[in-house]
Amino acid sequence: MYNEEQLIKAIEQSFKMYKLYGARSTAKLKPIHKFVADTLTEIYGKSFEVHFMGDETKEMTVDGKYYPKNIDITVTKNGEVVFCLGIKFVTSNYKQNANNYFENMMGETANIQALGNLSYAQLIILRHETPYYKKNETETPSKIEIVNDKDIQKYLNLVFDYPQAHRPNYIGIQVINVNEVANKVALTNLDNSFSAETSKLLNGKLSLTNFFKEISEYKDFLITKE
DNA sequence: AATGGGCCTTCAAAGAAGTA
DNA sequence: TACTTCTTTGAAGGCCCATT
């Protein structure tokens with residue numbers, strides 16, 4: 001099941017790779033993707049297959065309602081897709097691109113869930129203090145952006161919307177603090193950083209503990225249909 | 001088996017628009 | 001008018017596949 005320590009280690013590894021190889025390298029993706037894939041493998045068990053981008057493995061192309069798309073993590077049973085999950089780990093310049101991230105995620109979700117027979121989940125990792133870099137100045141940030149309630153609100157609006165194709169069935173959000181010098185990652189103390197209400201939701205409904213719990217329950221449901 | 005063009009995807013970054 | 005947010009554009013990596 002979900003292991004918080006492992007998550008932090010995976011994010012730390014991903015962040016290291018990001019610093020080492022840059023934003024464009026897939027090296028950044030692999031540790032965190034592997035962590036999620038491993039967690040899903042544990043949840044789903046031997047009769048399911050988990051596809052993701054690893055050193056030996058590739059992402060799966062899923063036929064969406066509108067177009068085929070590579071999905072970060074795909075769970076299949078006998079080759080048939082039963083569950084999809086997308087991951088986003090933003091390391092810089094968040095506010096400038098926040099709408100793009102959100103809209104892309106909705107589009108991807110709709111493309112999959114509009115098929116009608118499978119579930120899509122989105123895992124989002126944000127830095128509470130996110131550096132903003134200008135081009136060719138990737139060493140010293142020109143400012144630090146604070147991820148706040150408003151940045152989270154759009155995701156709350158979405159996850160509590162009534163069920164329709166573009167609403168992911170599961171959203172998990174983890175806000176982190178990164179020590180750039182030591183390459184250390186810590187989970188943000190939400191109570192000090194967000195309103196009481198937002199904090200409560202981030203600690204509850206949107207927490208990764210609950211995220212994987214709900215995914216696990218969905219798997220239990222899938223089994224009952226066999 | 002190597003080379004390289006074309007295309008897709010992701011992650012920014014610049015400039016525009018909005019707002020206090 | 002300075003700061004924030006939004007929209008559009010660009011850059012780079014990787015994959016597919018034709019050509020050699």
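In this text the structure is predicted, and so the values were computed from the model without any measurement. Proteins come first, then strands; the chains are lettered A, B, ... in the order of their sequence lines, and each starts at number 1.
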[X] [atom1] to [N] [atom2], straight-line distance once rounded to whole Å:
X: A:Y94; N: B:dA12; atom1: OH; atom2: P; answer: 13 Å
X: A:K95; N: B:dC11; atom1: NZ; atom2: C1'; answer: 19 Å
X: A:I71; N: B:dC8; atom1: CD1; atom2: P; answer: 16 Å
X: A:M17; N: B:dC11; atom1: CE; atom2: P; answer: 17 Å
X: A:E59; N: C:dC16; atom1: CD; atom2: P; answer: 12 Å
X: A:L29; N: B:dA12; atom1: CG; atom2: P; answer: 11 Å
X: A:I124; N: B:dT10; atom1: CD1; atom2: C1'; answer: 16 Å
X: A:F102; N: C:dT7; atom1: CZ; atom2: C1'; answer: 16 Å

Please determine if a side-chain N or O atom of [X] lies less than 4.0 Å away from the OP1 or OP2 oxygen of [N].
X: A:S92; N: B:dC11; answer: no
X: A:N93; N: B:dA13; answer: yes
X: A:K69; N: B:dT10; answer: yes
X: A:N99; N: C:dC6; answer: yes
X: A:T91; N: B:dA12; answer: yes
X: A:K58; N: C:dC15; answer: no

Select one nucleotide: of B:dA12, C:dC6, B:dA13, the one nearest the side-chain heavy atoms of A:Y18. B:dA12

Report yes or no: do [X] and [Y] form a side-chain donor-acceptor pair below 3.5 Å?
X: A:N210; Y: A:E214; result: yes
X: A:Q153; Y: A:D149; result: no
X: A:Y132; Y: A:Q96; result: yes
X: A:Q164; Y: A:D161; result: yes

Is A:N100 side chain donor-acceptor paired with the C:dT8 base, going by distance under 3.5 Å alone? yes

Given the structure, check if the side chain of A:Q96 and the base of B:dA12 hold any donor-acceptor pair shorter than 3.5 Å. no

Check every strand shown and say whether A:N104 touches a base, only sugar-phosphate, or nothing at a heavy-atom separation below 4.0 Å. nothing

So among A:T76, A:N70, A:T74, which one has a side chain to side chain donor-acceptor pair (under 3.5 Å) with A:H51? A:T76

Result for 5'-nearest mapping on DNA chain B, choosing between A:K28 and A:P68, is A:P68

